Number of protein chains: 2
Amino acid sequence: MEPNSKYECSCVECKLKTLFFEKVDSNELEMVCSSKIEYQFKKGDTIIREGDFINDFIYLKSGLVKLTRQTSNGKEQILSFAKPFDFVSLLSVFSSKRYNYSVIALDDTSICLLALADVKKTIHENGDFAMNLMVKLSEATDMIILDNLEIRRKHLKGRVAHVLIYFSEYIYKSNMIQLPVSRREIAEYIGMTTENVIRTLSEFKKDGIIRTFGKDIDIVDLVRLRSISEHG
Amino acid sequence: MEPNSKYECSCVECKLKTLFFEKVDSNELEMVCSSKIEYQFKKGDTIIREGDFINDFIYLKSGLVKLTRQTSNGKEQILSFAKPFDFVSLLSVFSSKRYNYSVIALDDTSICLLALADVKKTIHENGDFAMNLMVKLSEATDMIILDNLEIRRKHLKGRVAHVLIYFSEYIYKSNMIQLPVSRREIAEYIGMTTENVIRTLSEFKKDGIIRTFGKDIDIVDLVRLRSISEHG
DNA sequence: GTCATCTTATGATATTTATCACAACGCCTG
DNA sequence: CAGGCGTTGTGATAAATATCATAAGATGAC
C-alpha cells in the first residue's frame, strides 16, 4: 500500500463511528484508534493488492472502490463495488492470511486503517461490537452473493440494465450517473466483452432508454430499463 | 420445516462441538443446548424454505444439502452445496429477517437447531465463541464467492470439469463419486442447460476422461480434467 | 405389472455471444 | 503540436450455447 498522504482525525467525531463503533465505549475506542492511520488515495491507485498479507482492518471513509481478482488466464474479474459504509478489507479478514482480492480506487478515496489485532481484541471484549460486526459482514457478503447470482441468470441486455440500475440506485441515488468505470470495467463486472457492453449501451441509446454524454449517462426510461433487467 | 423425526443427543459429546463450541464452557453449552432440537430429513426434503422467518440457528450434523434460490423467471439457481461443518442457515442469519435461500436435502440429513436468541446471547458473552463464529462465517461466504467467480469465468466444459473436481475433492475425497445431484441440478449450479451438461459429460466419457455408471462417475484422467477446468 | 413421469441421451437448428478488424475520438506526454 | 495509446464505437464473422424435438431408460404410484 502506498498512501499519498497521511492525516490525523478524531475517531470520536468520525461519521463511521456510528457504523462500526457505536457500541464501543470511549476507553475501547481509544485503544482501537490509537493505532489508527488515515490514508488518501487518488483515482486508479491500488489500495490493497491481492495476495498481500492481511495485517489491518480497513474501512472506507470516502470515495469509491472496486474489488477485483486476477483470473488464471490473465483477465480481471470485478466482484463488486464499495462505497463508504460498505466493507472492504473485511471480506476475507477473518478467514484468510492473505487478501483474496485487490481493492482499487475508482475515485479519490480515503480509508482508515486499524491494527487487526486491536479489532480482534475488541471483538473478544465487547459483545455488542462483535454482534454489530457480524451483522455488517453478513450483510456485505450476502449482497455480493445475491448480486452475482442475479447477474449470472441474465442475458447481455439484462446485465447491462442491471448495472446501470445498480449505479443509479445504489451508488448515485439519481437518474443521472457519472459512470465511475470504463466500459471495459463494466464488462469485467458482469462477465461479458467490452464490445458487447458498448454495443448494448448504444442500443439502449438508440431506443431512447438512456442518453449518454461520454461517461455521463441519463436514464430516461427507468421502467423499460427495469423490464429489460428483469425479463431480457 | 417438517422434520421426519426428533432425537435427543448430548451436545457435550457432539462432534460438531469442536467446530462451533470449543471455546464455550459447560455452563454456556448447557444454556445454548437446552433449547436444542435435532431433526432428521430424507433425501429431497426441504429443510429451510426461502422467505421463511429466521428464528433458529441451524447446522448440519450429517448428510448433504443444496442451497437454492428461486429466480423471478421461475427457475432455480443453486448457490452452493454444504456438508457437515459447512454452514447452512448462518449465511443470512445475522443480516436478514427471512431466509434468502432454501436448503434442500440431497441425502438423508440430520440437523441441529438452536434458538437464535441463545446463540446471539453467547456471542455477546463469549468473545472466543464470537471470534470463532466470525471466522467460520467468513470462510463459508468467501468460498461461495470465489467459487461463483471461478464458475463464471469458465466455458461449458470447464464448468462441468470444475463441478466434477469439486465433488471429487471437496465432498467425496475420492476419484469415484456417487453424484448426489441430477444433471439438471448440476446445470442449475453452473448456469447452463441440462442438455449441455449431459452432452459435455458424454463427451468426457467418449474422450476417456471419466467413466459413468448412472450416477456413479469415475474420474479416470484427473490431470486432463484439471486442464479442461483451467484452460477450457 | 403397467401407466405416468422424470431423467438421461442425442441430433438439428436457432440464438446469443465472442472474436477479429478497423476507425474515430480523446487524452497525455514530450 | 505531433505522436502514441487507451477508450469508445461499429460491422462482419466465427464460436459457444440454448432451444426444440424426439426417444430410450428409470422410477414411483396404484
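Quick note on labels: first sequence line is chain A, next is B, and so on, each numbered from 1. Treat the numbers as computed from the prediction; the structure is a model and nothing was measured.
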Nucleotide [N], atom [atom2] - distance to [atom1] of [X] in whole Å:
X	N	atom1	atom2	value
A/I217	D/dT7	CD1	C1'	14 Å
A/R152	C/dT17	CZ	C1'	17 Å
A/H155	C/dA14	NE2	P	18 Å
A/K157	C/dT15	NZ	C1'	12 Å
A/D216	D/dT7	CG	P	18 Å
A/I186	D/dT8	CD1	C1'	12 Å
B/L156	C/dA18	CG	P	13 Å
A/N73	C/dA18	CG	C1'	14 Å

Testing the 3.5 Å rule here: is there a donor-acceptor pair between the side chains of B/Y170 and B/D86?
yes

Is B/K215 near enough to C/dT7 that one of its side-chain N or O atoms lies under 4.0 angstrom from OP1 or OP2?
no

Would you say the side-chain atoms of A/S202 pair up with the backbone N or O of A/I198, donor to acceptor, closer than 3.5 Å?
yes

Does A/K43, at its NZ atom, have more than 12 non-hydrogen atoms belonging to other residues, nucleotides or ligands within less than 6.0 Å?
no

Do A/R153 and B/N73 have side chains that get closer than 4.5 Å, going by heavy atoms?
yes

Please determine if B/R69 and A/E150 form a salt bridge, counting it only when a charged side-chain N lies under 4.0 Å from a carboxylate O.
yes

C/dT7, D/dT8, C/dT17: which one has an atom nearest the side-chain heavy atoms of B/R184?
C/dT7

Proximity to DNA chain D (any heavy atom under 4.0 Å), residues of residues 193-212 of chain A only:
A/E195, A/I198, A/R199, A/S202

Can you say whether the rings of B/Y39 and B/F41 are parallel (under 30°), tilted (30 to 60°) or perpendicular (over 60°)?
tilted

